[in-house]
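None of the values given here were measured: they were computed from a predicted structure.
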Amino acid sequence: MKLQWIRIVVLAVCWTLFLALMRTCNNNPWGDKAPAENTLFTTFSQKIRNLDPIAANFVHENAVIDNLTEAPLAYHYLKRPYKLIPMLLEEMPTVNYYDADGKLLEGDPDTSEVARAECILHIKPGIFYVSHPCFDASSKALVDSPKSPWDFGPNGQRELIAEDFLVSMNRLCDPRSNCTVFSQLGGFLEGMGECRRRLSEEIESMDRQRMEQGESAASIAASPSLPDYRVQRCECVQVLDRYTVKYVLSRKYPQFLYWLTMHYFTPIPFEAFEFYGREDVASCGLSYANWPVGTGAYKVTKCDLDSQIVLERNPDYHEFYFPTEGEEGDELDDAGRRLPFIDKVVFQWEPESIPSWTKFQQGYYDNSGLPTDMFDKALSMNPTNGELSLSPDMAERGIGMTTMVPPISYYYAFNMKDPIVGDMGERGRALRQALSMVIDTRQYVTIFRNGNGVAAGGILPPGLFGAAEPPTGMNTVINDWNGKSSERKSLAEAKRLLAAAGYPNGISEETGEPLVIHLDHAAAGLPDFKNKFRWLADKFALLGVKMEERGTDLNTSRQRLAEGNWQFLYERGWVADYPDPENFLMLFAGENGQVEYSGPNYANYSSKEYDAIFSKLESMPNCDERLELINQANEVLYRDAPVVWDFHPINMILTHGWLHNYVPPTMAYDNLKYLRLDVSRRVECLKAWNPPCTWPAFALMVLVTIIVLLPHSEERR
């Protein structure tokens with residue numbers, strides 16, 4: 001009998017613990033209390049290299065950086081077409097033009113008259129950087145093993161001043177900064193090349209002195225020499241007073257105002273470089289590249305680039321308010337309210353789309369893209385107009401969908417330095433046109449993107465000035481108009497062009513050997529690449545042309561691009577830096593060639609005819625004359641066919657009903673401060689959508705109870 005009571009007591013304790021455990025049992029990856037906190041949960045699926053505003057240029061990096069640092073100007077969050085507004089400035093910049101004699105030119109002078117342009121920025125007083133230990137000379141480690149800058153203290157404060165823009169530009173010119181837009185900026189900012197040369201000499205001198213004093217090369221590499229960017233002369237940036245800075249341009253370039261929205265022009269306090277250059281800080285693995293110091297609405301509090309990045313509200317953020325006007329259908333419930341609304345943002349590394357999608361459906365991520373594998377389950381088609389919308393089940397759960405064509409263009413590039421595909425004569429043009437003709441990108445979009453894209457007729461994406469719908473502006477070199485849409489010309493026409501190029505039926509007239517085209521890529525590990533390669537190879541096979549794969553890793557691929565050691569480049573993409581056709585058409589300007597100038601002209605295309613047209617339209621405002629020049633430039637590209645026009649993606653962004661004010665970013669990615677969460681609604685939905693499945697555990701406990709309480713054979717005897 002005593003043994004039986006012991007069993008009963010043990011079971012009672014077990015049941016108590018079991019029931020307590022069941023109350024906390026759920027599959028929430030963030031913990032029980034997280035849904036009720038003012039925290040946004042989102043993802044990044046591509047590796048983030050760093051958070052350095054000077055060096056980063058990928059969209060998924062911008063999504064973090066643009067919320068930590070700020071540029072002088074910004075885009076109005078709701079206005080379309082895009083409208084520029086001051087961010088760090090009291091007003092929009094003043095631009096003055098001068099001729100070769102230094103005389104001020106009135107009005108909007110012709111480009112040929114302008115020898116110099118000056119853009120004057122008046123900084124808004126009272127804007128402070130986030131409180132940081134770099135601003136307190138007495139700061140030191142507060143814990144034994146610091147993991148972040150916040151493990152040092154005390155924190156200090158410092159106001160944004162004009163000198164910080166000079167620091168930023170000098171660092172951009174530093175040859176060690178790896179700024180990918182240096183050559184582009186050097187095309188219109190005065191003296192950037194000379195500034196880089198002086199900095200290189202200064203760094204070499206500092207390194208030499210350190211080595212003469214006995215330091216090793218390894219020590220110098222671990223703690224790079226730091227020139228004083230505050231005193232280094234840079235012709236393109238002049239500090240006029242504490243709150244006034246002047247940028248000097250070597251020519252008329254109206255698009256410079258768009259550049260002033262980018263994080264390349266974010267001001268940087270020199271104290272940050274001094275702090276991260278300290279031995280006690282650098283030895284902890286901390287650097288400005290991962291822990292930038294900015295004036296943005298958020299600051300980094302956790303930075304694990306392989307797992308999770310956490311941002312928290314910047315308590316020192318300057319006054320900035322939600323817009324009071326927008327476009328039809330925009331949410332304006334928060335009009336005039338001070339930003340930001342959200343306290344914390346968690347960026348979680350999710351390399352696989354399906355797990356990320358599953359967690360979004362459960363409510364654990366607040367927004368999501370739509371994986372192509374999920375189209376059939378998530379979308380339904382309106383039988384009346386053929387438009388796609390969310391499935392009834394997802395709509396009933398309050399999920400919203402935003403569909404848009406972002407300013408992105410994808411293309412396959414021919415290397416114009418390659419002796420076979422790069423010939424600029426009639427035979428070379430015929431070859432590229434023939435190969436372009438058989439790559440039916442409309443079919444590609446249907447097969448590999450479930451129709452989620454717009455077949456590209458040229459480099460300009462829909463929505464930009466100069467981008468016309470077919471048949472207007474259609475690439476008539478490789479397309480025909482069937483009365484409803486454009487379509488590739490016939491296979492017979494492609495074969496005729498191939499024969500004119502000297503390869504009848506894919507056989508070289510000179511050598512008698514089959515024509516082989518090498519597809520260069522670093523995409524072997526990407527989903528569907530093998531299927532896409534087979535599709536491309538099958539298209540070339542229609543002409544008797546053989547396609548061979550030539551894959552490498554990403555670093556080797558970049559090296560080959562820089563050297564021009566490739567032939568046919570797999571699916572290159574360009575995301576607009578600013579909403580102007582010049583930003584896309586400059587991809588084919590000879591002065592931007594990848595091999596000669598390390599520019600974004602990856603095809604290494606060079607045409608005097610095209611360059612002459614581009615130089616005219618480049619700095620013009622949008623007008624009928626500019627439109628005509630854009631059309632002429634496009635016609636030259638259609639004829640020369642340096643690339644195969646691929647597609648413009650259609651982005652489908654899903655958001656839960658508790659996330660408000662979401663506008664998909666396309667130009668700038670400083671959108672986090674505008675977002676607002678209804679956490680009470682999120683808590684309710686998560687409880688309803690994720691009830692714990694407890695009956696198997698209860699059944700097991702009941703079975704265990706019966707077994708334990710049943711008399712054992714020894715007791716029955």
Side-chain contact, heavy-atom cut-off 4.5 Å: [X] with [Y]?
X      : Y      : answer
Val644 : Phe568 : yes
Val545 : Leu498 : yes
Arg432 : Met424 : yes
Asp640 : Phe588 : no
Phe414 : Pro642 : no

* Asked: Under 3.5 Å, is there a donor-acceptor pair linking the side chains of Thr42 and Asn367?
  ->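 The criterion, which ignores hydrogens and geometry beyond distance, is satisfied for Asn367 and Thr42.
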
Any idea which heavy atoms bring [X] and [Y] closest together, and the distance?
X      : Y      : answer
Ala499 : Glu509 : O-OE2, 4.3 Å
Met416 : Asn604 : CB-O, 3.5 Å
Phe448 : Asn531 : CZ-O, 3.7 Å

* Which of parallel (below 30°), tilted (30 to 60°) and perpendicular (above 60°) describes Tyr610 and Phe614? ->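 Rings of Tyr610 and Phe614: parallel, as their planes differ by under 30°.
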
Quick one: do [X] and [Y] make a salt bridge, cutoff under 4.0 Å?
X      : Y      : value
Glu513 : Lys546 : no
Glu201 : Arg197 : yes
Glu487 : Arg442 : no

* Backbone N or O of Asp520 within a donor-acceptor pair of the Arg550 side chain at under 3.5 Å? ->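 Judged by distance alone, no pair lies under 3.5 Å.
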
* Asked: What pairs meet the side chain to side chain donor-acceptor pair (under 3.5 Å) rule with one or both residues in residues 250-261, with sequence neighbours excluded?
  ->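 Residue pairs with at least one partner in residues 250-261: Asp108-Lys252, Arg251-Glu618, Tyr253-Trp259, Tyr253-Tyr578, Tyr253-Glu582, Gln255-Asp580.
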
* To do: Could you please spell out the steps behind the side chain to side chain donor-acceptor pair (under 3.5 Å) verdict for Glu571 and Tyr444?
  => CA-CA 12 Å; Glu571 213 164 57; Tyr444 174 91; 2.7 Å; yes

* Phe347 and Phe44 aromatic centres sub-6.0 Å ->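 Aromatic pair excluded; centres sit 6.0 Å or further apart.
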
* **Ring centre gap for Phe265 and Phe256 strictly below 6.0 Å** =>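 When the ring centroids of Phe265 and Phe256 are compared, they turn out to be within the sub-6.0 Å range.
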
* Going through the checks in order, is the ring pair (Phe, Tyr, Trp, His ring centres under 6.0 Å) test met by His521 and Phe529? -> CA-CA 10 Å; His521 69 89; Phe529 171 74; 4.2 Å; yes

* With a distance cut-off below 6.0 Å to the six-membered ring centre and an angular limit of 45° from the axis, does Lys417 pair with Trp566 as a cation-pi contact? ->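 Output no; distance or angle outside limits.
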
